Amino acid sequence: MKKIILLSVIAFIGFWACQSPLEGFELGFKDPIEKAKIEIRFYNPSGALPSDLKISFAGQDSNLVVTNLNTKKFKVSPEGLLIVAVSPEVVPSADKPVKFTIVADANGYTKASRMVVFASQSNQSIRIPLFNENTPPSGVSSKESSISNVQSGGITANQTISTGGQKAENASLVLQAGTQLTDIDSKPVLGNVTVAMQHYDNRGATRSFLPTSGIAANPVDINGKALANPFDLPYLAGFVSVVISNDQGQIVKNLSKPILLTVELNASSYNPRTKTTIKVGDVIPVFSYDTDKFQWKVEGETKVVQEGNKLVAKLSISHLTDWLLAWEREICRQGPTFVFKSNFNDVDMGYYCQLVNSRTNQVIREYYPGIGNGWSLALNYLPKDADFIQLKVYNYNGYWGGNRTTPVATTKELEFCNPQSVEVDVRSIPTPPSVEVAFDIVCSSGKSIDVDALPATFKIQYSAVGKNNWQDLIEMRRPNTKAKTYKVREKNTYDFRASTDGGVTWPYKQLNKYLESTRIAYRIEDKGFCK
């Protein structure tokens, strides 16, 4: 464990400290693992994370999972972040992948299980929603059920499982007696199993739960053959997620007998083929999204039928994943790429841009891209909302405001789906003022800085005073001892916090700090940083 003794800090926060600035406070750090790690973001769509949230790891390689500080002390941050990694003693590869299951559970919540596969040392990130069964978000019903003692002969009796009757539409499934459950490696899944099921209707914010935002970039047909064109799903009828897992962390992938899945439908759903609301006999396309292979698949079609006072769709499925009922729309795989010509190349702020229909001036989309010199904004995998477009750029950013009324640059008229490169001259936007962050290390005569002794990573976030709305400011990595940011300005007051473990914990805080100058400096006098 290395330590930085903060002897003086110029024009910034006095001293980083857990509670208050204390002279001689020691900032401890341990180099985090930077390869084969995964950032897991748990969140409760209905509010705060459950206080009794339990996180565990199961499966064949769960013993190889460590925190990014190479410990077994797994703890989710107040923001819901947990960073874990494959033990640095192991190098995962395609021939020897590392597989494990993340399991998140809390009283009153549907258990969430997600398999992770590392076939290289590339890093990953995922978001895992946690659904309270009594108070799920609007448009969602969620339920956890159990099946005891599944043997090699399969499920001993028919099992009917439903998401319940909490809302206008729900879903149910029937597992047939004798159904054998197997995982991604075709190994039997035995013992006590949990069935976690969610139904999403097509109202309100449920689209936010669509995998890959409902964009199928490289879809395949029912036989696994690549389709020529990507698509998205603007007209959603509903979708269902089913995850079956056992106590050992195996997740069911395939079933020897198909599941009958019944999905209740919102009678107000719009059918773009008939240009009216759905009715009995309407045909709805069916899609699946494989959360392990990250693969969209066209699964066929189903008809709307009547059951009691409900309109429903019935599916016969033999593999478990996300199942969606929707009408697809072809999208442009590649459109124009806008390349900015500007006065700067390191400004860490996005500037407001509008993509407009050039014939009607109607705004199609809004963006906040970085516009550094040579940086670009590519219009890929977008629906063709207009035949001809223009991009307008404004001297307005999300940090300091500006002018959102008069654009500083407007491109020529372009075809939406034409993959051409277009230069956008935004040199009229002046370079904004910056703030420098620096480690000023003082070494005695004849000594030089040993940058390898500094933290591998040093992250700083900031917030408006008292708002607890933390945003990234800088991330400094060895061997750099200086960084620059444009997000904060002198003569303003902020809350700051710092982390040396990659952002899992933020123990070093300075609140309500007035920034007197354009330099945030740490003066460090410690022979441990000299050689």
Side-chain angles (χ1 to χ4, degrees), residues 31-42 54-74 76 81-105 111-129 150 152 180-191 193-194 196 211-212 216-220 223-226 241-256 288-297 318-322 456 502 504:
D31 286 357
I33 298 170
E34 294 294 342
K35 295 180 179 179
K37 69 177 181 180
I38 180 167
E39 294 191 4
I40 312 163
R41 182 76 63 176
F42 301 97
K54 299 180 181 66
I55 306 299
S56 60
F57 299 92
Q60 65 182 46
D61 297 319
S62 57
N63 62 308
L64 299 179
V65 181
V66 296
T67 70
N68 67 325
L69 295 181
N70 200 14
T71 75
K72 292 286 186 176
K73 298 178 181 179
F74 304 109
V76 179
L81 179 64
L82 175 63
I83 304 178
V84 300
V86 176
S87 169
E89 298 177 2
V90 176
V91 178
S93 65
D95 294 332
K96 294 183 179 180
V98 173
K99 300 179 182 179
F100 57 89
T101 300
I102 305 165
V103 182
D105 205 4
K111 179 186 291 186
S113 302
R114 181 73 67 87
M115 190 179 76
V116 175
V117 179
F118 279 96
S120 70
Q121 289 189 298
S122 297
N123 296 328
Q124 303 180 33
S125 64
I126 57 172
R127 287 170 57 84
I128 299 179
V150 176
S152 57
Q180 295 178 330
L181 314 175
T182 53
D183 65 12
I184 195 171
D185 297 316
S186 299
K187 295 178 180 178
V189 179
L190 308 175
V193 301
T194 297
T212 67
N218 295 291
V220 298
N223 298 313
K225 182 180 178 181
S241 174
V242 182
V243 177
I244 301 178
S245 60
N246 66 6
D247 294 338
Q248 288 72 50
Q250 285 179 285
I251 296 179
V252 174
K253 193 71 176 180
N254 297 298
L255 310 109
S256 63
S288 68
Y289 178 75
D290 190 318
T291 55
D292 298 317
K293 298 178 181 179
F294 311 108
Q295 181 68 69
W296 281 95
K297 188 175 185 179
S318 58
H319 64 95
L320 294 184
T321 185
D322 294 339
V504 178

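Reckoned from all heavy atoms, side chains included, excluding hydrogens, waters and symmetry mates. Quick caveat, the model's predicted, so the values are computed rather than measured.
L255 contributes atom CG, which lies 4.5 Å from atom CG of L320 (distance to the nearest 0.5 angstrom). From I40, atom CD1 reaches atom OG of S125 across 10.5 Å, with rounding to the nearest 0.5 Å. The OG1 atom of T101 sits 8.5 Å away from atom CD of Q250, with the distance rounded to the nearest 0.5 Å. To the nearest 0.5 Å, the span separating CG on D183 from CG on N254 amounts to 9.0 Å. With values rounded to the nearest 0.5 angstrom, I83 atom CD1 is found 13.0 Å from F74 atom CZ.
For the pair T67 and I33, the tightest heavy-atom approach, listed with the atom from each and the gap, is O-CD1, 3.7 Å. What you find for P92 and V98 is that their closest heavy atoms are CB-CG2, 3.8 Å. Between P88 and V66, the closest heavy-atom pair is CD-CG2, 4.4 Å. For the pair T291 and T321, the tightest heavy-atom approach, listed with the atom from each and the gap, is N-OG1, 3.6 Å. Closest approach of K99 to V117, counting heavy atoms only: CG-CG2, 3.9 Å. L82 and F57 make their closest contact through CD2-CZ, 4.0 Å (heavy atoms, listed as atom of the first residue, atom of the second, distance).
Between the side chains of T182 and S186, not a single donor N or O lies within less than 3.5 Å of an accepting N or O.
For the pair Q248 (side chain) and A58 (backbone), a donor-acceptor distance under 3.5 Å is absent. Proximity of a side-chain donor or acceptor of N246 to a complementary backbone N or O of V193 within less than 3.5 Å is not detected. No donor-acceptor pair closer than 3.5 Å links the side chain of Q180 to the backbone N or O of P188.
For the pair V504/N68, a side-chain contact is recorded, criterion being any heavy-atom separation below 4.5 Å from C-beta on. Annotation: side chain of Q60 is in contact with side chain of D185 (closest heavy-atom distance under 4.5 Å). The side-chain heavy atoms of V220 and K225, taken from C-beta on, include no pair separated by under 4.5 Å.
Residues forming a side-chain contact (heavy atoms from CB on, under 4.5 Å) with V116 (at least two apart in sequence, or on another chain): I38, F100, I102, F118, Q124. Every side-chain contact (heavy atoms from CB on, under 4.5 Å) that E34 has, sequence neighbours left out, goes to P32, K37, T457, R477.
Applying the salt bridge (Lys or Arg N to Asp or Glu O under 4.0 Å) test to residues at least two apart or on different chains, none of the pairs has a partner in residues 84-97.
The local environment of NZ in K72 is crowded, with over 12 non-hydrogen atoms from other residues, nucleotides or ligands closer than 6.0 Å.
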Report task. Go through K253 and D290 one step at a time and tell me if the salt bridge (charged side-chain N to carboxylate O under 4.0 Å, His left out) criterion holds. Result -> CA-CA 10 Å; K253 193 71 176 180; D290 190 318; 2.7 Å; yes
